[in-house]
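Worksheet: one structure, shown below.
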Amino acid sequence: MQKRKCAYSKCDKYFELKNPKKRFCNINCKNKAAYLYKLQNYPWEIEQFKARRKNIQILEYMDDQNKTLLSLEDLMLLGFEITCAILPYKNTLGQPVYRYGNLLLTIITKNECQITKI
């Protein structure tokens, strides 16, 4: 059987080549190589993902505290990143609604928003 060196730059392992298209010794090396590629070519995408994940944690915390009506300033003090939102849709009242995980953030006025669980 042929052996091939793992294509992940930080791995020095060799593996038996059963499939000629296989480039990585295991799924962990494949995922790490994909992450490095994204980090080099699309760093903004990773930052957006991390910020969205943090936003979800903040909104879940506020929902657990039964604080569903609050100001955008309060959210930003907690570290909420308003710039990482995905395009909103408008509800029946014409207010912008952003989805974060299983929560919706509705902008009621310029400085007031509401958290709703889906």
Side-chain angles (χ1 to χ4, degrees):
M1 264 226 164
Q2 280 186 316
K3 289 196 172 215
R4 178 181 282 176
K5 187 177 183 212
C6 183
Y8 177 50
S9 60
K10 296 182 181 179
C11 181
D12 294 328
K13 291 181 185 175
Y14 285 85
F15 60 95
E16 290 184 6
L17 195 59
K18 297 175 186 171
N19 180 349
K21 293 181 180 180
K22 189 172 179 179
R23 297 177 44 220
F24 303 97
C25 62
N26 59 39
I27 193 74
N28 290 334
C29 284
K30 182 178 179 182
N31 290 340
K32 289 176 185 176
Y35 179 78
L36 280 179
Y37 175 80
K38 259 188 170 178
L39 193 59
Q40 290 170 353
N41 297 302
Y42 305 100
W44 55 270
E45 193 173 281
I46 291 173
E47 291 303 315
Q48 289 286 323
F49 177 76
K50 288 179 182 178
R52 279 187 56 76
R53 194 169 54 204
K54 184 177 180 183
N55 284 354
I56 290 170
Q57 289 174 342
I58 291 168
L59 292 176
E60 285 175 347
Y61 173 76
M62 296 307 284
D63 186 56
D64 289 344
Q65 301 295 318
N66 293 323
K67 294 183 181 178
T68 56
L69 198 61
L70 35 102
S71 72
L72 287 173
E73 287 178 10
D74 292 341
L75 280 176
M76 287 189 223
L77 285 174
L78 292 170
F80 193 85
E81 288 284 334
I82 198 77
T83 58
C84 78
I86 294 178
L87 293 173
Y89 66 90
K90 300 230 180 209
N91 62 10
T92 55
L93 301 172
Q95 300 163 327
V97 179
Y98 299 91
R99 182 173 179 173
Y100 292 97
N102 292 328
L103 297 168
L104 299 175
L105 182 69
T106 307
I107 309 298
I108 298 170
T109 64
K110 268 188 170 180
N111 195 32
E112 195 174 41
C113 58
Q114 180 178 13
I115 301 170
T116 313
K117 209 173 233 180
I118 296 177

* Stepwise side chain to side chain contact (heavy atoms under 4.5 Å, CB included) check, D63 with T68 -> CA-CA 6 Å; D63 186 56; T68 56; 4.1 Å; yes

* Could you please spell out the steps behind the side chain to side chain contact (heavy atoms under 4.5 Å, CB included) verdict for L75 and L105? => CA-CA 11 Å; L75 280 176; L105 182 69; 4.1 Å; yes

* Asked: Run the side chain to side chain contact (heavy atoms under 4.5 Å, CB included) check on N102 and R99 step by step: do they pass?
  -> CA-CA 7 Å; N102 292 328; R99 182 173 179 173; 4.0 Å; yes

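Taken from OG1 in T83 to CD in Q48, the straight-line distance is 6.0 Å, to the nearest 0.5 Å. Note that SG of C11 and NZ of K30 are 15.0 Å apart. Values are rounded to the nearest 0.5 Å. Note that NZ of K13 and SG of C29 are 6.0 Å apart. Values are rounded to the nearest 0.5 Å. With rounding to the nearest 0.5 angstrom, the CG atom of L36 is 11.5 Å from the CG atom of N31. To the nearest 0.5 Å, the span separating CH2 on W44 from NZ on K38 amounts to 9.0 Å. The CD1 atom of I27 lies 12.0 Å from the NZ atom of K32; values are rounded to the nearest 0.5 Å.
Hydrophobic clustering (ILVMFWY, side-chain heavy atoms < 4.5 Å, transitive): M76 and Y61 are in one cluster. I115 and V97 end up in different hydrophobic clusters when Ile, Leu, Val, Met, Phe, Trp and Tyr side chains are linked at under 4.5 Å. Hydrophobic clustering (side-chain heavy atoms under 4.5 Å, transitive across Ile, Leu, Val, Met, Phe, Trp, Tyr) keeps L70 apart from L104.
N28 CG: more than 12 foreign heavy atoms inside a 6.0 Å radius. Enclosure of atom CD in Q65 by more than 12 non-hydrogen atoms of other residues, nucleotides or ligands within 6.0 angstrom is indicated. By the neighbour-count criterion of 12 heavy atoms within 6.0 Å, atom CZ of R4 is densely surrounded, having more than that number from other residues, nucleotides or ligands.
Side-chain contact between N26 and F15: absent, with no pair of heavy atoms (C-beta onward) separated by less than 4.5 Å. Counting only heavy atoms from C-beta outward, the side chains of L103 and I56 never approach each other to under 4.5 Å. Under the 4.5 Å side-chain criterion, counting only non-hydrogen atoms from C-beta, K67 is not in contact with D74.
Under the 30°/60° scheme for interplanar angles, the aromatic rings of Y100 and Y98 are found to be tilted.
The minimum heavy-atom distance between L17 and K22, with the atom names listed, is CD1-O, 3.9 Å. Contact detail for I108 and Q114: the closest heavy-atom pair is CD1-CB, 3.6 Å. Of all non-hydrogen atoms in K50 and Y35, the two that sit nearest each other are NZ-OH, 4.0 Å. Pairing each heavy atom of I58 with each of L78, the nearest pair is CD1-O, 3.4 Å. Among all heavy-atom pairs drawn from A85 and R52, the shortest one is CA-NH1, 4.4 Å. Shown here for K110 and L72, the closest heavy-atom pair between the two residues is O-CD1, 3.3 Å.
Using modelled atom types, one side-chain atom of N55 and one backbone atom of E81 make a donor-acceptor pair closer than 3.5 Å.
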